Amino acid sequence: MMSFKELVEQDNKTVFMNLDEFADTHVIGGKEMPCIIDNNEMIDREKRYQYKRSLYADGVYLKEVLLYVKAEDFGPLPAVGRLLTLDKKSYIVSDAIDEGGIYSISLEANKT
């Protein structure tokens, strides 16, 4: 019988990061891998952190991206403040959490 952690690990591979189900292929740090970009969760987070918007001048805004990627595909958890490219666009890691073998990585960049 499989343990709960083993079942979660199996689901991470066969369900959540399945290219036919939830994931899409993106280039992260120059390496192609399956990941999920979650625009809905980022919108919810933006609502909770409205104060960030007031820090920017007119015509400049904060572009935020939340992605989920398998730890084994990505490698070591990225440090906050690290520069990371996603599909040839540069972002700074604003948050990174290991959620049981899946990394939740928040990225941001100033845009005009």
Side-chain angles (χ1 to χ4, degrees):
M1 178 180 252
M2 294 177 77
S3 71
F4 177 74
K5 287 182 180 182
E6 290 170 330
L7 289 170
V8 169
E9 184 178 332
Q10 182 179 353
D11 283 348
N12 285 344
K13 293 176 183 178
T14 60
V15 179
F16 300 119
M17 290 300 160
N18 182 330
L19 292 170
D20 293 327
E21 300 293 334
F22 294 108
D24 293 306
T25 302
H26 291 273
V27 179
I28 304 170
K31 183 179 172 188
E32 192 172 278
M33 63 187 79
C35 73
I36 299 169
I37 296 179
D38 190 343
N39 294 317
N40 293 327
E41 175 63 21
M42 190 52 69
I43 290 168
D44 289 343
R45 289 181 184 194
E46 284 178 14
K47 289 177 186 175
R48 290 192 296 264
Y49 300 106
Q50 286 287 334
Y51 71 91
K52 278 188 174 182
R53 291 185 182 185
S54 65
L55 300 176
Y56 295 90
D58 288 340
V60 178
Y61 67 96
L62 185 66
K63 169 72 174 165
E64 295 177 297
V65 176
L66 174 62
L67 66 95
Y68 297 97
V69 63
K70 286 190 298 187
E72 66 185 63
D73 291 343
F74 188 87
L77 187 67
V80 171
R82 173 185 162 191
L83 186 65
L84 185 69
T85 58
L86 171 63
D87 297 329
K88 298 183 182 179
K89 295 178 183 158
S90 295
Y91 295 90
I92 294 187
V93 176
S94 60
D95 191 33
I97 301 166
D98 185 346
E99 298 180 4
I102 298 288
Y103 290 165
S104 168
I105 303 173
S106 298
L107 305 171
E108 59 184 36
N110 291 331
K111 299 290 180 179
T112 56

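Note that the structure is predicted; figures quoted are calculated from it, not measured.
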If you compare all heavy atoms of Glu99 against all heavy atoms of Tyr68, which two are closest, and at what distance to 0.1 Å? OE1-CE2, 4.1 Å

Between the CG atom in Asp95 and the CD1 atom in Ile105, the distance rounded to the nearest 0.5 Å is 10.0 Å

Separation between CZ (Phe22) and CD1 (Ile36), nearest 0.5 Å, reads 7.0 Å

Kindly give the heavy-atom pair with the smallest separation between Gly100 and Asp98, and that separation in Å. N-OD1, 3.3 Å

Could you measure the distance from the OH atom of Tyr91 to the OG1 atom of Thr85? Nearest 0.5 Å is fine. 10.5 Å

Between Leu83 and Val80, is there shared hydrophobic-cluster membership here, with clusters defined by ILVMFWY side-chain heavy atoms closer than 4.5 Å? no

Validation row: Glu64, Leu107 side chains within 4.5 angstrom (heavy atoms): no

Pairs under 3.5 angstrom only: tabulate donor-acceptor contacts from the side chains of residues 2-10 to other protein residues two or more places apart or in another chain.
from	atom 1	to	atom 2	distance (Å)
Ser3	OG	Glu6	N	3.2
Ser3	OG	Glu6	OE1	3.4
Glu6	OE1	Ser3	N	2.7

Backbone N/O of Leu67 and side chain of Asp38: donor-acceptor pair under 3.5 Å: no

Looking only at non-hydrogen atoms, find the nearest pair between Val69 and Pro34 and report the distance. CG2-O, 3.7 Å

Would you check if the side chain of Lys31 reaches a backbone N or O of Asp73 as a donor-acceptor pair within less than 3.5 Å? yes

Short question: side chain of Ser94, backbone of Ser106 - any donor-acceptor pair under 3.5 Å? yes

To the nearest 0.5 angstrom, please state how far the CG atom of Asn110 sits from the OG atom of Ser90. 12.5 Å

For Glu21, enumerate each residue passing the side chain to side chain contact (heavy atoms under 4.5 Å, CB included) test, keeping only those at least two apart in sequence or located in another chain. Asn18

If you look at every heavy atom in Leu86 and His26, which pair is closest and at what distance? CD1-CB, 4.0 Å

d(Ile28 CD1, Met33 CE) to nearest 0.5 Å is 5.0 Å

Evaluate the criterion side-chain contact (heavy atoms from CB on, under 4.5 Å) for residue pair Val65 and Ile37; output intermediate values, then yes/no. CA-CA 7 Å; Val65 176; Ile37 296 179; 4.0 Å; yes

Residues in ring pair (Phe, Tyr, Trp, His ring centres under 6.0 Å) contact with Phe74, at least two apart in sequence or another chain: Tyr103

